[in-house]
Each structure stands twice: as C-alpha cells, then as structure tokens.
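This report refers to the structure that appears directly beneath it.
Keep in mind the model is a prediction, meaning the values are calculated, not measured. Here is the naming used below: chain letters follow the sequence lines, and residue numbers restart at 1 for every chain. Both backbone and side-chain heavy atoms feed into the values below; hydrogens, waters and symmetry mates do not.
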Amino acid sequence: MAKSINGGSWEWSAILLRLALSLVFGYAGLVKMMNPADFAMDVASHRLFSGFWLAMVVYYVPALELVCAVGLWWRTLRLGAGALINLLLVAFALLLGIAWARGLDIRCGCFGGQGDEQLHYMWLLLRDFVLLGVASCLLRYDWLAIGRSASRGAR
Amino acid sequence: MPGPSYGLCKLLTGYMAELRQLIRGALCLLLVAGLLAGFSGWLQPWSEPVLAGEPGERLGVAEARARVAAGESILWVDARPEAAFLRGHVPGAVWLSEDDWSRGLMGLLEIWEPDQVIVVYCDGVACAASGQVAARLRDELGVDTVLVLEGGWEAWQNQ
C-alpha cells in the first residue's frame, strides 16, 4: 500500500481532496466566526447547549474548523488536522441524528445560516458522510505518506 | 505466548512516528483554535440568544394545522416586520410587532376572545421576535395560552 501512494495520480487526488476539504471547512469556519450571533441561534435551537458551553461551541468550533482547513496544507500538522476534521464530522453527524430523532424542525447552521434552509436530515447526513469519506481517505493517505518518509529516514 | 496487549504494543510501536505527529499536530491546532476563539470572542462579545419560547410554550406546524382542522380557534399573530406581513401571512393572522406595539395590540384586542389560544410566529427558527412578542403578550394580557410557532413562517410555508 505504501508503494501504491507513490503514484502521481494518488498525489493529485490527495491534493484535490485536500483542496475540497479545506475550502468547505475554511468557508464554514469563516462565515460562522464573522457572525457568531446567527450561529449561536442555530446551535441553541438544537437545545443541547446553553450558557458557557453554548458560548464555547459558538466561538471554538468555527475557529477549529478554520485552523484545521489551514493545517491540512502544513506538512507537520496535516495528520492532526485530518484527525480533528474526522472527529468534527462524526460529532456533526451525531448532532444531526439527535435532532432528527427528537423531531426538531430547525436550521442546520453548518454554514452559519448562509444558504441553510430548514433541515432536510437525509440530505445533510448524506453530505456529512460524503465529507467523512473524503476526510478519512485523506487521513489514510497522509498517514501512509508520513510512515513512508519516517521509514526512509530510519534507513 | 504473547497476549493481546503485546500485539497492541507492537502495533503502536510500529506506527509511533505517525501517532506522534498526529497527536502533536492535533494539540497544536487545538491550542491555536483556542487563541483564535478567544480573539473572536474579544472582537464580538457574547450575548445569549433568545429562543422562540421554552419547550412548553411552543407549537409545531403539524400540530397547529391539526388543531385548526379539529375546529380549535387559534388567533395567529405575525411578529415579523409589517412589510413582510403585507407580502403574505397565515390566513386570519394579525400583525403585532414591537416596532409599533400599541397599534398592533389594538388590532389584536378587537378580535381576540379570552378563551382563544394565541400563536405567535416570526420568520423562521433563527428569529427572536416571536418569543419576545409572546412573552410580552403573556405579561400584558395575563394569560398563559400564548404559544410560539416552531420554525415560524418558513416552516408554515414548507408544510
């Protein structure tokens, strides 16, 4: 497998996946950071967080999305960024699932209310799982690449 | 014979470089995100959002429609800006906004019957006007039967 990621097509695929993920997360983080009041309303409508924890989510999650989007392009940070993005996507899927199970008729807030309509849970979960697939492929690629360069260094 | 913990240790040792880089990178990003979040909070200070009604004070669109179909009399109150109300509203709704409270309240009192349930709505899930108007109506009319429509006008149109 380590050998198979040497190919140019793999590298180009990884660059495209990295670009797609960093654009999605960078945009989502930036939009939410620029308008925390809108995002706060969206998070609060899930009725899971309030007070201090709501403020933490409202300020911390967009900042984390933004730094992960940048971190994906930084050689020493990309594994960490990939792992955090995977965790974030799993958390988002859980939140959507909980809201769906509770029958909440609310807005996603995924992009800070910009272009988000009422939740269509199926579509949003599908989007989340597609992104999770992309993120996990990229994490696997980076993991193998780091391992390969580490074993080269050891030789 | 080596146990399962030996196998796990061997596996982890084999991936030590990757694991070390992953943990170091993640911690570094979490720290930077914390600093950025602090800066963002300093630029745009926190204010707790006001949700449209507490759990017992909300009414879903499906339930509202079912109640109307069952013959229950509901007085709809549109808490959006007047221009939005004029463009379209729930049939029979009266306009009441904090922009011109006394004029709107006069219109409401003309048709309201004390045993009628009042349901207030605004644009969607992210607006606070319905919750504020409902709280003020409860206070001024002295009744508890003032509910907030979940999802507001947007949800009403979608269902």
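Closest of all the heavy-atom pairs between A/A63 and B/A33 is CB-O, 3.4 Å. Here the shortest heavy-atom pairing between B/L29 and A/G71 reads CD2-CA, 4.2 Å. Nearest heavy atom pair, residue B/G25 against residue A/L77, reads CA-CD2, 3.8 Å. Closest of all the heavy-atom pairs between B/L30 and A/Y60 is O-OH, 2.6 Å. The two residues A/L79 and B/E18 have their closest heavy-atom pair at CD1-O, 3.3 Å. Nearest approach of A/M34 to B/Q44, heavy atoms of both residues: O-OE1, 3.3 Å.
B/L96 and B/W76 are not part of a single hydrophobic cluster, where members link through side-chain heavy atoms under 4.5 Å apart. Follow the hydrophobic side-chain contacts under 4.5 Å out from A/Y27 and you reach A/L17 in the same cluster. With hydrophobic clusters built from ILVMFWY side chains whose heavy atoms lie under 4.5 angstrom apart, A/V24 shares a cluster with A/L138. Using a 4.5 Å cut-off between side-chain heavy atoms of Ile, Leu, Val, Met, Phe, Trp and Tyr, with links allowed through other members, B/L59 and B/L75 fall into different hydrophobic clusters. Cluster annotation: A/V70 is not connected to A/L23 through the hydrophobic network of ILVMFWY side chains, with a link wherever side-chain heavy atoms come within less than 4.5 Å.
When B/G34, B/G60, B/C28 are compared by the number of non-hydrogen pairs under 4.5 Å with chain A, B/G34 comes out ahead. Interface remark: of the candidates A/L54, A/V43, A/L139, A/L87, A/L54 forms the most heavy-atom pairs closer than 4.5 Å to chain B. Contact tally against chain B (heavy-atom pairs below 4.5 Å) for A/A81, A/A37, A/G51, A/C68: the top residue is A/G51.
The number of heavy-atom neighbours closer than 6.0 Å to CH2 of A/W73, taken from other residues, nucleotides and ligands shown, is above 12. Atom CG of B/D144 is surrounded by 12 or fewer heavy atoms from other residues, nucleotides or ligands within 6.0 Å. Residue B/R65 places its CZ atom among more than 12 non-hydrogen atoms of other residues, nucleotides or ligands, all under 6.0 Å distant. Open room surrounds CH2 on A/W53; 12 or fewer heavy atoms of other groups in view lie less than 6.0 Å from it.
Atom CD of A/E65 and atom CG of B/L36 lie 11.5 Å apart (nearest 0.5 Å). Taking CZ of B/R20 as the start and CD1 of A/I146 as the end, the distance is 12.0 Å to the nearest 0.5 Å.
In this structure the side chain of A/T76 never reaches within 4.5 angstrom of the side chain of B/R24, judged on heavy atoms.
Screening A/L66, A/L64, A/V67 for a side chain to side chain contact (heavy atoms under 4.5 Å, CB included) with B/V32, the sole residue that qualifies is A/V67.
Remark: side-chain polar atoms of A/Y59 are paired, donor with acceptor, to backbone N or O of B/W46 under 3.5 angstrom.
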